[in-house]
Each structure stands twice: as structure tokens, then as C-alpha cells.
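Reviewing the structure listed below.
Below, read A as the first sequence line, B as the second, and so on, with proteins coming before strands; counting in each chain starts at 1.
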There are 2 protein chains.
Amino acid sequence: MTPTNRISWKDVRDEIHEAILTGRYGPGDRLPRDADIAVQLNCARSTVQRAMQDLTDSGLVERRRKGGTRVRPDPVTRATFDIPVTRREIEQKGGRYGYQLIHSAEKDAPRGVLAACEISSPCRMQQIEALHLSDGQPYILEDRWVSFETVPEIRDLDLTRQSANEWLVTNKPYSRCDLRFYAISADDRTAELLNTVPGAALFVIERTTWLDAAPITTVKAITTPGYHLLTTI
Amino acid sequence: MTPTNRISWKDVRDEIHEAILTGRYGPGDRLPRDADIAVQLNCARSTVQRAMQDLTDSGLVERRRKGGTRVRPDPVTRATFDIPVTRREIEQKGGRYGYQLIHSAEKDAPRGVLAACEISSPCRMQQIEALHLSDGQPYILEDRWVSFETVPEIRDLDLTRQSANEWLVTNKPYSRCDLRFYAISADDRTAELLNTVPGAALFVIERTTWLDAAPITTVKAITTPGYHLLTTI
DNA sequence: TGACAAAATAAGTAGCTACATAATATCGTT
DNA sequence: AACGATATTATGTAGCTACTTATTTTGTCA
């Protein structure tokens with residue numbers, strides 16, 4: 001008998017979450033200590049600990065040694081996004097993926113790129129412009145700069161067949177990644193490449209990756225009008 | 001003697017991460033089972049478990065019972081964003097916060113709002129338009145719809161002094177939150193309110209919150225030109 | 001009163017055991 | 001060979017103990 005009357009850490013988490021939702025604990029309030037909650041809910045402290053860790057990760061509570069656990073006084077909305085390889089993103093939406101290299105050349109990295117990579121001295125990098133297509137229509141225009149130092153192979157890669165996006169992601173794992181989201185107005189050239197009108201509002205995903213302190217690549221992914229980025233549920 | 005030669009789960013995580021970075025395990029490869037790693041690194045299986053959980057959360061590996069652990073074959077960039085209350089966001093950037101109610105009235109919720117709230121039948125809601133200012137300059141224009149059913153108090157609130165953003169966040173915790181990011185072109189009215197030119201590209205953060213199945217509010221936060229959203233490090 | 005040292009406290013971490021659960025692998029039967 | 005029942009396996013979870021660490025509180029002395 002006794003059909004799993006054990007309580008799971010998710011139960012504990014939901015219980016506490018519920019108590020915050022119903023206002024039993026408001027922003028800034030201190031929660032009972034783990035050990036007391038454990039006794040009250042008849043479970044082990046480690047179970048409460050796991051539940052609390054989850055609530056901390058989701059930004060709902062703050063924990064400090066000796067200070068105890070309290071509901072965050074300045075609630076934040078914490079959201080997680082998954083940004084897949086562009087090919088997969090298009091295929092998952094049911095589109096037929098297409099790829100087109102526009103341009104690839106060695107150049108002096110401009111100021112903005114150096115800043116994104118957090119390097120101060122001038123530097124030559126490989127600039128790659130490419131278009132990702134869904135069902136033949138432009139989907140994302142990527143403007144990428146790749147560091148020779150971290151990715152020497154980039155000189156000899158055939159980027160007409162495989163995108164740098166895909167090659168890098170499978171061959172150059174990173175230890176740090178910064179993302180920036182913003183909007184730009186399409187200039188004439190961008191508009192033409194993306195098959196839209198100059199001045200159109202475009203959503204931009206900018207990403208820089210590093211291996212330890214060394215920058216790998218920085219890329220500006222300019223999306224077509226109507227592009228929405230959603231939280232992963 | 002023996003000055004903490006115990007190995008931490010973060011050490012284990014970094015060790016495995018390192019092994020993936022250096023290519024010892026590539027996308028799709030299967031890692032040794034937890035127990036073996038534990039023996040190899042001379043720690044308990046629970047320590048390896050914790051490390052693996054962290055690597056799973058960051059999207060680097062996949063774990064399946066009996067199937068074992070493998071490096072994700074389709075690597076994703078997983079990013080976390082914190083979106084604070086607008087007042088705090090402005091203050092943290094060193095700006096002086098200002099707030100201005102533009103308009104508040106009961107209305108039939110339009111299609112888009114109903115869709116965002118995932119409700120099918122027509123519904124009356126409170127529409128609130130307000131402007132958040134930084135150092136007297138427009139910063140974010142918010143177009144908000146609040147459900148009477150979940151938030152009956154909204155009828156009697158004085159929104160000329162306190163923003164709905166702030167009131168809701170401290171008084172109506174949510175159990176679910178969806179976010180959408182995209183870009184729009186400023187129409188004449190938006191441009192005037194945000195003190196910019198019609199056609200300017202604006203970054204939009206749209207957010208809908210629920211308490212269980214019941215929608216609380218959906219809000220379109222239209223930012224001023226130049227707004228960037230960064231990952232939290 | 002103020003400053004500093006010592007004690008107390010609550011979370012964090014590591015280790016162990018035991019059992020649950022979900023996949024997969026195996027084997028026997030038709 | 002195809003199928004289904006069964007065994008095996010690797011991760012998931014819960015409980016316990018012991019110890020560590022950061023932080024606050026208390027206490028003592030100048």
C-alpha cells in the first residue's frame with residue numbers, strides 16, 4: 001500500500017509559489033527556514049533546498065546564508081530564449097531551407113565589431129555576408145565577422161555550400177555568449193537583399209561568442225519584417 | 001591536513017564542459033554514465049548528477065533515462081533575460097524616472113489582445129496607455145489591457161500617480177508569462193508620443209501574464225529608437 | 001558609545017543509500 | 001521475421017548525515 005505519499009520537490013516548489021501568489025508572502029517578506037518548511041510539509045530539507053533553488057533560478061525569491069529566504073522585493077520577469085541554428089529554425093517552422101553566400105573577404109574590423117568583441121587594438125577579421133532563405137524567400141540576413149586567431153580554418157572553408165553559422169556552431173563551441181536585441185530601419189541595400197522596402201522596421205539579433213577570453217565571432221542577424229521571437233515555454 | 005580536496009559539482013561541470021569545448025566529445029556523442037564519471041573524478045554520483053543537470057539547463061547536453069547523456073546534436077544558444085519594472089530599469093541606468101498616464105478606459109478587447117490572452121469569446125477590458133520617461137524624455141510607451149475578471153481592483157485605481165506596471169507587479173503575481181520581441185515602424189501618433197519621427201524602427205517587448213488559466217494583463221512596451229536589450233551575464 | 005571578537009544561524013555542498021521511472025535490449029514464442 | 005513479455009540499465013528523485021561558509025547577532029572590552 002502507501003502509493004507514493006512521498007512529496008516531490010516540485011510539490012514543495014508549487015506550494016511555496018502558491019503561497020506567494022495568494023499573497024501570504026509579499027515582496028520583501030521572509031520565508032520560514034528550509035528546515036521548518038521541511039517539518040511542516042513532512043519532507044527532507046534537501047527536498048526543500050531543491051525547490052528553493054528552482055524558485056531562485058526563476059527570479060522569484062532571493063536566498064542568503066544566515067539571512068534566509070525572502071521574496072524578491074523588485075520582481076523581475078525572467079525569460080529564457082532558445083536560438084537554434086537558422087537552418088533548423090526554418091525547417092521547424094515547416095519551411096524549405098535555402099542558403100546563399102553574398103560576400104566573404106578579409107578586412108579590418110570596424111570599431112563596432114571590435115567593441116562587441118571587447119578587443120581594443122585594431123585587428124583583421126573575415127567578414128561574411130550571407131542570406132538564409134525559407135521557401136526561397138529571404139528570411140535572415142547575416143553579417144558576420146570571424147576572428148582569424150580563434151578560427152584559423154575560416155580562410156580555407158567553402159562557405160558557398162555550408163553557412164558559417166552552421167559550421168561554427170558544430171565546430172567551435174563557446175564558453176561565453178552575449179546577445180543584444182534591437183530594431184533598425186532597413187537601408188537601401190538591406191531592403192533589396194531582404195526583398196522589402198527601404199525604411200522597413202527590422203528586428204535584429206546580435207550575438208558575440210568567446211572561447212575563454214578570445215572572441216570567436218560576432219554576428220548581426222537581420223530578420224525580415226514580421227519576425228517575432230517568442231519565449232520557450 | 002587534507003585541505004578540502006573534495007571536488008565540487010561546479011568542478012565536475014567545468015571538467016565536462018571543457019571536454020566538450022576541446023572536442024573530446026562532439027555533437028551527438030554519448031558521454032560516460034554518471035557512475036563512471038564519478039569513479040573517474042573520485043566523487044559521488046550525486047555530484048555528477050548536479051553538474052549534469054546544470055549542463056542540461058544551459059542547453060549543452062541532453063539526458064535520457066537508460067539512453068544516457070549526450071552532447072546536443074543541434075546546439076542552441078540559450079539566453080536568459082531579466083526584464084525589471086520600468087521605473088527600476090530607468091533608475092538603474094542613472095536616469096530620473098517620470099511617468100505620465102495618457103488614457104485609461106473600458107473597451108471591447110480587440111482580436112489581437114484576445115489572441116495574446118488565449119481567450120476566444122469577446123470580452124471587455126481596461127485599456128491603459130502610459131508613458132515612462134527618463135530624465136523627462138520619453139523612454140517606453142506602454143499599451144496595456146487588463147482583465148476585469150482577474151483584476152477587479154483596476155476600476156478604482158488611481159493610475160495618474162502610480163503606473164499599472166508597478167501596481168500589477170507588486171500586487172498580482174503571475175504563474176505564467178509569455179514574451180514576444182519584434183520591431184515596428186512608428187505610426188504618426190506613436191512617433192509624436194515618443195518624440196521621434198514617423199517610420200522610425202522601434203523595438204517592442206510584448207508580455208502577457210496569467211494566473212493559472214486566467215489572463216491578468218497583456219502589454220505592448222514600445223521602446224524609443226536606440227533601445228537595446230542585453231542578456232544578463 | 002564604538003569597535004572588534006566570538007557565537008549562532010541558515011543556506012550551501014558533498015557523500016551515502018534506496019528506490020522509481022523510462023528507455024532500451026533481450027529472449028522466447030508464434 | 002515479427003511480436004510481445006521480461007530483464008536490464010542509466011538517469012531521476014527522496015531521504016539522511018555531516019560538514020562548510022557567509023552573514024548576522026551578540027557580547028566584551030576599551
Quiz item: What do the steps show when you test Tyr174(B) against Thr77(A) for side-chain hydrogen bond (donor to acceptor under 3.5 Å, both in side chains), and what is the final call?
Solution: CA-CA 10 Å; Tyr174(B) 51 83; Thr77(A) 297; 3.3 Å; yes
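Straight-line distance from the CG atom of Asp34(A) to the C1' atom of dC16(D): 16 Å, rounded to whole Å. Counting to the nearest Å, the P atom of dT9(C) and the CZ atom of Arg33(A) are 8 Å from each other. Residue Arg13(A) contributes atom CZ, which lies 15 Å from atom C1' of dG12(D) at whole-angstrom precision. Between Arg30(B) atom CZ and dT11(D) atom C1' there is a gap of 11 Å when expressed in whole angstrom units. The separation between Asp36(B) atom CG and dT11(D) atom P is 9 Å, rounded to whole Å. dG12(C) atom C1' lies 11 Å from atom CH2 of Trp9(B), rounded to whole Å. Between the CZ atom of Arg6(B) and the C1' atom of dG12(C) there is a distance of 12 Å, given to the nearest Å.
Side chain Arg45(B) to base dG12(D): a donor-acceptor pair is found below 3.5 Å.
Side-chain N/O atoms of Gln49(B) include none lying less than 4.0 angstrom from OP1 or OP2 on dT11(D).
Listed by residue number, the members of residues 51-72 of chain A with any heavy atom below 4.0 angstrom from DNA chain C are Arg63(A), Arg64(A), Arg65(A), Lys66(A), Gly68(A), Thr69(A).
Residue Thr47(A) is classed as a sugar-phosphate contact, given heavy-atom separations below 4.0 Å to backbone atoms only.
A cation-pi arrangement is not found for Arg78(A) relative to Phe81(B), the charged atom failing to lie both closer than 6.0 Å to the ring centre and inside a 45° cone about the ring normal. A cation-pi arrangement is present between Lys93(A) and Tyr227(A) under the rule of less than 6.0 angstrom and at most 45 degrees off the ring axis.
Here dT13(C) is the nucleotide among dT13(D), dG15(D), dT13(C) with the atom lying nearest to any side-chain atom of Arg50(B). When distances are taken from the side chain of Ser8(B) to each of dG15(C), dT13(C), dC16(D), the shortest belongs to dT13(C).
Ring geometry for Tyr182(A) against His228(B) counts as parallel: the plane angle stays under 30°, on a 0 to 90° scale with 60° as the upper cut.
Between the OG1 atom in Thr47(A) and the CD1 atom in Ile37(A) there is a gap of 12.0 Å [rounded to 0.5 Å].
Under a 4.0 Å N-O distance rule, the pair Arg13(A)/Asp11(A) does not qualify as a salt bridge.
When all heavy atoms of Leu31(A) and Ile16(A) are compared, the closest pair comes out as CD2-CG2, 3.6 Å.
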